[in-house]
Every structure is written in structure tokens, then in C-alpha cells.
Amino acid sequence: MERVRIKEVLSRENTGQPVTVCGWVRTKRESKGFAFVAVNDGSTQENLQLVVPAGTPAFQVLAGVATGAAVRAEGVLRESPAKGQKVEVEVSALELFGGADPASYPLQKKGHTLEFLREIGHLRPRTNTFGAVFRIRNILAAAVHEFFQEKGFIWVHTPILTSNDCEGAGELFTVTSLDFENLPKGEGGRTDFSRDFFGRRAYLTVSGQLEAEFLALALGNVYTFGPTFRAENSNTSRHLSEFWMIEPEMAFAGLKEDMQLAEDFLRFLCRAALERGESELAFLEAHYKRISLEELRILAGAPFTHITYTDAIKELKGAKETFEFPVEWGLDLQSEHERYLTDSIFKGPVIITDYPREIKAFYMKVNDDGRTVAAMDVLAPKIGEIIGGSQREERLEMLEERMRESGVPPEGLQWYLDLRRFGSAPHAGFGLGFERLVQYITGMANIRDVIPCPRAPQALGF
Ligand code: ATP
Ligand code: MN
């Protein structure tokens with residue numbers, strides 16, 4: 001008989017019917033002539049209870065079954081007399097696939113710390129916490145596509161390998177097929193990358209934005225959703241070396257439309273998580289107390305606070321709190337400043353706009369005041385920056401000036417400048433770090449706990 005996923009079994013009303021399930025044993029106990037086995041197959045937060053009568057062949061099989069074992073059970077679906085579950089399966093046949101030795105199986109019924117679980121990255125998806133996080137991650141990933149597809153945005157696939165080293169978003173990883181024991185040397189004893197695979201130095205991309213721009217300036221509205229890589233040595237709870245980024249780009253749009261899109265997007269994602277991941281979110285709420293469903297419901301509907309960088313500096317200068325880093329017009333905001341604005345002053349998401357041109361990337365449009373650029377950062381409570389976006393500079397001369405002032409050599413970016421030579425148009429977009437989003441919705445404190453295989457400095461296990 002075909003196996004049914006536990007999520008579906010638990011929603012069935014037709015008790016009395018035969019059913020077959022597979023999964024991993026979470027707990028097993030015996031009482032009054034029965035064994036009770038809780039199994040989980042990853043399809044849902046809840047376990048299914050198997051009831052195995054003593055003296056049956058299935059009960060014999062159970063002798064070798066402990067937490068962690070993979071099993072297949074056939075039986076009949078029954079209404080459950082136990083609290084907290086509507087149905088259970090009275091088992092007639094049980095098959096043990098692979099057992100797990102209780103003496104060495106690292107996951108025990110007692111709770112484990114998230115730090116410990118990071119060391120067993122291959123087994124942590126079997127815990128309630130990581131099952132919840134990865135199912136929410138899936139809900140959000142699907143909702144990202146839904147949101148943009150409904151709006152007619154075209155999903156584009158920008159490259160992972162790039163020769164573009166001047167986006168200024170952080171350190172890059174070099175990709176090479178050169179022999180490290182015998183590197184070809186050129187001028188000044190430096191490595192000669194013209195003899196490398198691509199005939200030039202190659203990197204892993206830090207962003208798909210520049211390519212998304214040329215696609216938007218042809219297809220109208222586009223978005224990317226793919227992996228990006230940053231070799232910044234920041235060992236924080238919100239930075240990964242490999243993370244997924246969503247980058248919409250819209251032609252014939254400015255900062256206002258960009259901010260509207262970002263807000264609508266985040267609210268849509270909150271709603272999707274609440275609608276399709278309620279039991280996962282409820283588990284995380286009860287267990288970690290870092291999110292509240294109530295708050296998420298409010299977030300799913302509430303408008304965000306908007307403030308200019310200049311006004312944000314005024315707020316921070318007037319703060320009662322003392323900060324570790326200085327607050328001065330022209331300096332970048334540190335995460336302590338961002339937290340103060342979201343958590344203490346505005347108590348919700350905040351969009352900061354119009355940053356000084358000196359601290360932002362060369363491609364952001366210079367405002368009429370000449371001192372600021374049409375940039376926006378969306379800051380989320382407890383996390384800080386979750387989205388960074390801008391209207392792009394569409395004037396050729398201004399863009400060239402900004403490249404000079406930011407020290408970006410124009411040679412490799414002639415194609416980018418071409419977009420301003422041929423049919424230039426106002427356009428805008430943003431980047432949302434997907435893991436920061438998953439953190440925001442799940443409340444997980446460390447970004448390493450929202451991706452199956454976190455990459456960070458000195459961390460490349462699993
Ligand atoms: P931060 O100041 O937080 O380091 P950033 O300004 O360098 O971020 P952007 O270049 O604006 O980031 O990238 C767009 C988005 O990508 C950010 O808003 C954030 O959500 C996400 N992001 C950036 N760096 C990382 C990282 N190392 N790990 C995970 N997400 C990241
Ligand atoms: Mn940013």
C-alpha cells in the first residue's frame with residue numbers, strides 16, 4: 001500500500017480505513033499492553049502516534065526500535081483517546097529500515113542547544129526546531145515566486161561566476177583553476193590571471209544587481225533569486241559567506257515605487273508564513289519566545305515607518321542611550337543605531353532613505369541636493385538591515401563621476417555604462433537577504449540556524 005505523508009494522515013477524517021506511513025521514531029514508550037511510538041516524517045510539525053499491541057509480530061519488531069530509527073507502519077487509522085491529537089494508527093505490521101543505536105545517536109529526547117546542533121548539521125533537520133525552520137524557509141521561498149509572478153515580474157538567472165569585482169559590496173572569493181603550487185607570474189611578481197581558465201580573474205558573485213539592471217531595461221520588471229557569496233570576515237549572527245538573495249529590479253520606477261514594493265513584499269511574506277506555517281510558527285513562538293504570532297499578524301498589515309537618514313541622525317543624537325560608535329552626519333549607521341531606531345523608537349520596521357553619497361555604492365542615483373543618494377534600507381526589529389535598495393543613477397555623466405569618486409575603474413563596466421548610452425530610463429530595485437528574512441519570520445537568533453549548511457569564516461562542515 002502506498003505511503004501517505006503524516007501531514008495528510010493527521011488531517012484525515014475517515015477513521016477506520018487502512019493507512020501506511022513511514023518516518024523516523026521520535027519517542028517510544030510502553031504501557032498497559034501497548035507500545036506507543038511517535039513518528040515524524042518531516043511533512044509537518046506534529047508527530048503521528050503509532051499504537052502497537054503487545055504480543056503481535058509488530059511488537060516483536062519494536063524490540064529493535066529506538067529514537068532515530070526509520071520505520072514503515074501499516075495499520076488502521078483510529079480516533080485517538082489521547083489529548084492533543086485527533087487520530088492515531090493502530091499498527092498491524094511494522095518494518096524497521098535502519099535502526100539507531102541509542103548509545104551513540106546524538107539526538108536525545110532532552111533538548112539540545114543550537115550550538116551543539118550546529119555540530120551535527122546532518123542530523124539537526126530531524127529536530128522539531130529545524131523541521132520548523134526549514135519548512136518555513138520553503139513556504140517563504142515559494143511565496144517569493146508567487147508574489148513576483150502574480151505581479152508579472154520575470155525571474156531571471158544572473159551568473160554566479162563573474163569578472164566584476166567592483167560592486168563594492170564586500171570582499172570577493174576568487175575562483176581559479178590555476179595550479180597553486182605553480183602560479184604563473186606576471187608584472188611585479190603578481191599572479192598572471194590572463195593564464196587562468198577565463199583569461200582573467202574570476203570571482204563568485206556578491207550580487208546579481210548589475211546584470212538584473214540590463215534585463216530590467218529590456219524586460220521591464222525582473223527579479224533574481226539565487227546564491228551570493230561574500231568573503232567578509234564578519235563573524236556575526238547575521239552574516240553568512242554564502243547566502244541567497246532576492247533582487248527585484250523595475251524599469252520606469254523610482255525610489256517611491258521601490259519602497260512600496262519592498263513593504264508589500266514583506267507583508268505578503270508574513271501572511272504566507274502565517275497562513276501556511278502556523279503550527280511551525282506556534283512551535284517556535286512557544287519554544288524560543290523570540291517571535292509572537294500576534295506581532296507577525298500586526299506586521300503583515302502595518303505600514304512601515306519612513307525616515308530620512310538626516311532625520312535618523314537627529315533621532316540618534318537626541319537618544320538617551322550612549323552608543324559605542326559615533327553618530328555623525330556622513331558616517332554609516334552601525335547595527336546598535338539601527339536597533340535603537342527599530343526596537344526603542346519606532347517599535348517596528350523602519351525604512352531609512354537618502355543616505356550621504358559618500359557611504360553608498362556608485363550606482364545609486366544622486367539626489368537634487370547633490371549630497372545624498374536615493375537609497376533605502378529596510379531595518380527589521382532585532383535584526384537590523386534586511387533590505388538594501390535604491391533608484392539607480394541613469395545619467396551617464398553622473399554615473400561616470402560617481403565611479404571616479406568611488407574608485408571604480410570603468411574598463412570592465414562599459415556594458416553597464418552602455419545602458420545609460422542606449423535607451424536609459426529611470427529604474428530601481430533592492431536586495432533582500434533571504435536568510436535575514438527567514439530570521440525575521442522565525443525569530444532564530446543566529447543566521448546559521450536558518451540555512452541547512454551555513455558557510456562562515458572557518459565553517460565549511462557538512
Ligand atoms: P550589512 O550592512 O548588514 O552587512 P550590506 O549593506 O553589506 O549588509 P547589501 O550589499 O545591501 O548588504 O546586500 C543586500 C541584502 O543582502 C542586505 O540587506 C542583507 O539582507 C543581505 N546580506 C548582505 N550581506 C549578507 C551576509 N553576509 N549574510 C547574509 N545576508 C546578507
Ligand atoms: Mn546594504
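Both counts, for ligands and for their atoms, begin at 1 and track the order of listing.
Asp418 pairs by the salt bridge (charged side-chain N to carboxylate O under 4.0 Å, His left out) definition with Arg421, not counting sequence neighbours. Under the salt bridge (charged side-chain N to carboxylate O under 4.0 Å, His left out) criterion, Glu247 pairs with no residue at all, not counting sequence neighbours.
Counting only distance, with no hydrogens or angles, the side chain of Gln45 and the backbone of Asn128 share a donor-acceptor pair below 3.5 Å. The backbone N or O of Val366 lies less than 3.5 Å from no partner atom in the side chain of Arg357, so there is not a single donor-acceptor pair. When atom types are taken as modelled, the side chain of Glu435 and the backbone of Trp244 share a donor-acceptor pair closer than 3.5 angstrom. Judged by distance alone, with hydrogens and angles left aside, the side-chain atoms of Gln391 form no donor-acceptor pair with the main-chain N or O of Met364 at under 3.5 Å. The backbone N or O of Phe198 lies less than 3.5 Å from no partner atom in the side chain of Asp196, so there is not a single donor-acceptor pair.
Those atoms of ligand 1 that come under 4.0 Å of a heavy atom in Ile387, given as number and element, are 18 (O). Distances below 4.0 Å separate heavy atoms of Arg238 from the following atoms of ligand 1: 3 (O), 28 (N), 29 (C). Within ligand 1, counting atoms from 1 as listed, the ones closer than 4.0 Å to a heavy atom of Gly388 are 18 (O). Counting atoms of ligand 1 from 1 in the listed order, those under 4.0 Å from a heavy atom of Ile386 are 18 (O), 19 (C), 20 (O). Near Gly431, meaning under 4.0 Å from any of its heavy atoms, are these atoms of ligand 1: 14 (C), 15 (C), 18 (O).
Annotation: protein N, O or S atoms under 2.8 Å of the Mn ion (ligand 2) (waters excluded) comprise Glu385 OE2.
When Glu385, Glu242, Arg455 are ranked by how near their heavy atoms come to atom 8 (O) of ligand 1, first place goes to Glu385. Considering each of Met245, Arg230, Glu247, the one bringing a non-hydrogen atom nearest atom 24 (N) of ligand 1 is Arg230.
Contacts with ligand 1 closer than 4.0 Å are made by side-chain heavy atoms of Ile447 only, the backbone lying farther away. Residue-level proximity to ligand 1 for Arg436 is carried by the side chain, the only part with a heavy atom below 4.0 angstrom. Contact annotation for Glu435 and ligand 1: no heavy atom of the residue comes within less than 4.0 Å of the ligand.
Ile441 CD1 to Leu274 CG: the interatomic distance, rounded to the nearest 0.5 Å, is 7.5 Å.
Applying ring-ring contact (aromatic ring centres under 6.0 Å, His included) to Phe434 and the options Phe225, Tyr440, Phe265 leaves one that passes, Phe225.
In terms of polar-atom proximity, defined here as any N/O pair under 3.5 Å, Gly433 does make such a contact with ligand 1.
Residue pairs meeting the salt bridge (Lys or Arg N to Asp or Glu O under 4.0 Å) criterion with at least one member in residues 360-373, sequence neighbours excluded, are Lys360-Asp377, Lys365-Glu394.
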| request: Go through the steps for Arg420 and Glu213 under the test salt bridge (charged side-chain N to carboxylate O under 4.0 Å, His left out), then give the verdict. | output: CA-CA 11 Å; Arg420 281 72 180 169; Glu213 280 188 51; 2.8 Å; yes

